[in-house]
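A short write-up of the structure that comes next.
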Number of protein chains: 2
Amino acid sequence: MVVSVRDVAAAASVSVGTVSNVLNRPEKVSPATVERVRAAIAELGFVRNDAARQLRAGRSSSIGLIVLDVRNPFFTDVARGAEDRAAEDGMTLLLGNSDENPDREGAYLDLFEQQRVHGVLISPLTDDLPRLERLRKRGTPVVLVDRESADRSYSSVAVDDVVGGELAVRHLAETGRRRVAFVGGPSSIGQVADRLEGARRAVAATPGMALEVIETDSLTVLQGRAAGEVIRERPVSERPDAIFAANDLLAMGVLQALKMLGTVDVPGDIALIGYDDIDFASAAVVPLSSIRQPASLIGYTAVDLLLREAAAGSEFTPEQVVFQPELVVRESTRA
Amino acid sequence: MVVSVRDVAAAASVSVGTVSNVLNRPEKVSPATVERVRAAIAELGFVRNDAARQLRAGRSSSIGLIVLDVRNPFFTDVARGAEDRAAEDGMTLLLGNSDENPDREGAYLDLFEQQRVHGVLISPLTDDLPRLERLRKRGTPVVLVDRESADRSYSSVAVDDVVGGELAVRHLAETGRRRVAFVGGPSSIGQVADRLEGARRAVAATPGMALEVIETDSLTVLQGRAAGEVIRERPVSERPDAIFAANDLLAMGVLQALKMLGTVDVPGDIALIGYDDIDFASAAVVPLSSIRQPASLIGYTAVDLLLREAAAGSEFTPEQVVFQPELVVRESTRA
DNA sequence: GGCCCTCGCCGAAACGATTCAGTTGCTGCC
DNA sequence: GGCAGCAACTGAATCGTTTCGGCGAGGGCC
């Protein structure tokens with residue numbers, strides 16, 4: 001009981017080609033015929049088979065997006081922006097979650113390749129992936145999200161994380177802090193490395209300031225809590241007087257750990273600043289200072305670039321869009 | 001330069017049928033041939049075309065999931081659970097976000113139908129949707145998520161929201177509160193209606209307790225903040241002494257509004273309880289009491305049901321799974 | 001009237017993987 | 001030797017849509 005164009009054609013007494021034209025170029029068909037075909041479609045409950053369309057078209061009308069962590073509101077915001085732009089061109093967004101795991105990242109790339117997606121948006125774990133190369137050879141545009149490609153061979157939409165890190169630590173310095181701990185990791189993730197680099201620069205620019213790095217396995221609330229506990233357990237004299245967390249999830253975990261036993265006061269004893277400025281940051285126990293990134297704009301712009309690249313074909317030169325981050329000061333870094 | 005099974009077959013000097021067998025039933029092919037074909041695949045960089053497979057198979061290996069709000073961590077957790085179960089059977093999850101908007105919901109259902117998805121998981125806005133019926137007629141299983149079907153004609157995985165609402169308000173009663181405001185809406189959303197119903201029951205069971213309903217347009221932080229401001233602006237005597245928010249996002253918004261000017265103390269002046277127990281609830285300005293739902297288990301179970309239903313075909317009787325919610329007490333409702 | 005266009009429609013070919021009835025060649029058994 | 005049985009492989013048909021060369025009818029123009 002599957003209804004195909006053929007059935008519709010028979011019911012409306014036209015050819016399959018005409019049905020297809022009604023579907024895709026109704027202006028090419030006489031009004032009376034359009035009407036008749038539409039009626040047949042409605043009556044039979046015909047619904048296009050996307051697989052067949054794609055097979056014919058050679059590629060799908062979906063765009064793949066691979067993010068580091070769906071549970072991070074920053075990335076859901078990116079996804080929303082991407083989805084909005086995709087919808088403008090009648091495309092769909094396929095959302096994959098690598099969870100900072102290269103195997104999962106690879107699995108999604110394979111999947112997207114099999115699906116012959118229109119293009120791939122990725123916040124990659126490592127800098128060079130043969131799979132990305134292969135996709136590109138096939139003619140599938142690839143745009144890096146929240147990350148710039150080392151050799152600028154890929155298009156990308158990112159925020160200057162070095163500047164962001166610098167903003168954060170300079171702010172800490174300006175509010176009188178001198179012993180800063182950077183909480184984040186793994187350092188193989190580009191964003192983490194860049195934010196740390198920015199922190200280093202700000203520290204170097206401030207006489208008497210010291211930086212310590214507390215490396216985490218991932219960028220989650222849980223890992224933040226663990227790092228916070230490490231700091232809490234130290235003798236008071238050995239604690240930093242400020243913490244810069246590589247993202248807000250970590251920062252919120254750190255905050256939970258510090259506040260848990262009531263032993264450490266934020267910002268009294270330790271100031272805390274995160275990164276991303278997710279919605280929940282302002283609602284934290286101590287409202288969190290953070291570095292804001294235009295998440296949904298990043299997603300929107302990335303899809304925009306992707307579609308332009310897809311339309312241009314091979315004579316497209318990769319384009320790097322870089323947004324500037326913005327410091328948002330709240331309670332957690334009050335002097 | 002597209003590589004198809006035909007090219008692989010030629011390169012390995014076998015027929016296309018054999019290539020397909022190597023791909024899908026390698027045990028049916030002699031080891032030497034498997035080796036030869038695999039080598040050809042690797043050399044040519046052949047990647048299966050999913051559209052062609054699906055066309056032949058009649059349906060895709062994806063499962064569609066439509067949630068009310070991707071930005072709500074509860075739903076991303078549901079999605080994670082669903083994805084995990086789907087991956088066990090080599091299936092993919094397509095995530096759609098209705099944003100509590102019937103048009104968007106409909107658009108995703110249409111899309112999923114065109115994609116001939118293996119099945120649909122939906123947290124529906126309204127109770128009866130002709131589109132769901134049509135999907136079912138086509139043989140596509142539909143499982144309701146976080147919602148039970150009124151006439152039990154659909155399979156569903158849900159949490160007893162009436163009990164959850166009752167738990168919340170009974171807890172407020174037990175901690176001495178008597179003038180409760182329910183913040184949530186629109187009431188057309190089943191979860192909201194049920195939680196309110198539970199609240200009503202608990203109020204009815206407590207002599208001297210009164211319930212007021214503050215309706216919101218949606219279940220977001222922003223709407224919560226607006227509701228919180230309404231309450232904050234009232235004369236002290238007309239304020240409730242407890243607020244039950246239909247979900248944690250709303251609760252966090254309410255909390256922000258109440259704390260903003262420092263005029264209202266939580267839980268001193270007003271106790272506050274939310275629903276869902278999202279990760280961020282415990283990290284809020286005032287750690288939030290909430291009603292916990294097993295989010296990722298819901299997603300996992302829903303896909304499990306879906307796959308069983310798909311395998312059983314027509315002789316499947318819908319099954320309703322109901323989990324019990326759990327009260328989580330934190331600072332925000334301390335007596 | 002002859003010629004050329006345009007419009008509206010037709011229908012076969014093509015996309016690429018899977019399936020299945022059929023062929024081949026070999027082993028083992030009476 | 002004859003034959004059944006089996007393993008390994010073949011290749012044409014199939015899924016449902018889009019595309020595109022082509023055809024006939026009607027209109028405009030010289």
Side-chain angles (χ1 to χ4, degrees), chain A residues 1-38 40-41 44-62 90 110-111 113-118 138-139, chain B residues 1-38 40-41 44-62 90 110-111 113-118 138-139:
Chain A
M1 234 285 316
V2 283
V3 184
S4 77
V5 270
R6 230 170 298 275
D7 303 313
V8 174
S13 316
V14 296
S15 73
V16 290
T18 300
V19 175
S20 179
N21 280 331
V22 169
L23 256 21
N24 303 298
R25 287 175 233 77
E27 75 281 1
K28 295 256 159 203
V29 182
S30 76
T33 310
V34 169
E35 199 41 57
R36 210 143 36 89
V37 172
R38 293 240 163 98
I41 288 176
L44 298 177
F46 165 77
V47 175
R48 262 190 173 102
N49 183 323
D50 218 45
R53 300 186 72 190
Q54 288 182 27
L55 174 56
R56 192 71 237 275
R59 62 180 171 181
S60 91
S61 59
S62 303
D110 286 352
L111 182 72
E113 194 172 0
Q114 290 188 21
Q115 308 242 55
R116 301 292 192 270
V117 293
H118 212 82
R138 158 168 270 128
Chain B
M1 232 286 313
V2 282
V3 184
S4 76
V5 270
R6 230 169 298 275
D7 303 312
V8 173
S13 315
V14 294
S15 74
V16 291
T18 300
V19 175
S20 179
N21 280 332
V22 169
L23 255 22
N24 302 298
R25 286 174 233 79
E27 75 282 359
K28 294 255 159 205
V29 182
S30 76
T33 310
V34 170
E35 199 40 57
R36 208 144 37 87
V37 172
R38 293 237 165 100
I41 288 176
L44 298 177
F46 165 77
V47 174
R48 261 188 172 108
N49 183 323
D50 219 45
R53 303 187 70 192
Q54 288 181 28
L55 174 56
R56 193 72 238 276
R59 62 179 171 182
S60 93
S61 59
S62 302
D110 286 351
L111 182 71
E113 193 172 1
Q114 290 187 22
Q115 310 243 55
R116 301 291 192 270
V117 293
H118 212 83
R138 157 168 272 131

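Residue numbers begin at 1 in each chain, while the letters A, B, ... track the order of the sequences.
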Sugar-phosphate, base or nothing in reach of B:N24, heavy atoms under 4.0 Å: sugar-phosphate

Close side-chain approach of B:E113 and B:R138, heavy atoms under 4.5 Å: yes

Contact under 4.0 Å: A:S15 side-chain N or O vs C:dC10 OP1/OP2: yes

Proximal nucleotide (of C:dT18, C:dA17, D:dG16) relative to the B:S20 side chain: C:dT18

Spacing of A:L23 atom CG relative to D:dT19 atom C1', expressed in whole Å: 14 Å

Base D:dT17 to side chain A:R53, donor-acceptor N/O within 3.5 Å cut-off: no

Degree of bending, the helix from C:dG1-D:dC30 to C:dC30-D:dG1 (end axes from five pairs; round to 10°): 50°

A:N24: side chain to side chain donor-acceptor pair (under 3.5 Å) partners, not counting sequence neighbours: A:S20, A:R48

B:R48 side-chain N/O to C:dT18 phosphate OP1/OP2 under 4.0 Å: yes

Under 3.5 Å donor-acceptor pair, A:R56 side-chain atoms to D:dT18 base atoms: yes

4.5 Å side-chain heavy-atom contact, B:I41 and B:L23: yes

For DNA chain D, the residues among residues 25-34 of chain B that have a non-hydrogen atom under 4.0 Å from it: B:V29, B:S30, B:T33

Rounded distance (nearest 0.5 Å) linking atom CG of B:N21 with atom OG of B:S15: 8.0 Å

Under 4.0 angstrom between A:T18 side-chain N/O and C:dC10 OP1 or OP2: yes

Whole-Å distance separating the CG atom of B:L44 from the P atom of C:dG16: 14 Å

Distance in angstrom units between B:R36 CZ and D:dA8 P, rounded: 13 Å

Candidate nucleotides C:dT18, D:dT17, D:dT10, ranked by approach to the side chain of A:R6 - the nearest: D:dT17

Option passing side chain to side chain contact (heavy atoms under 4.5 Å, CB included) with B:V5 (candidates B:V19, B:N49, B:T18): B:V19

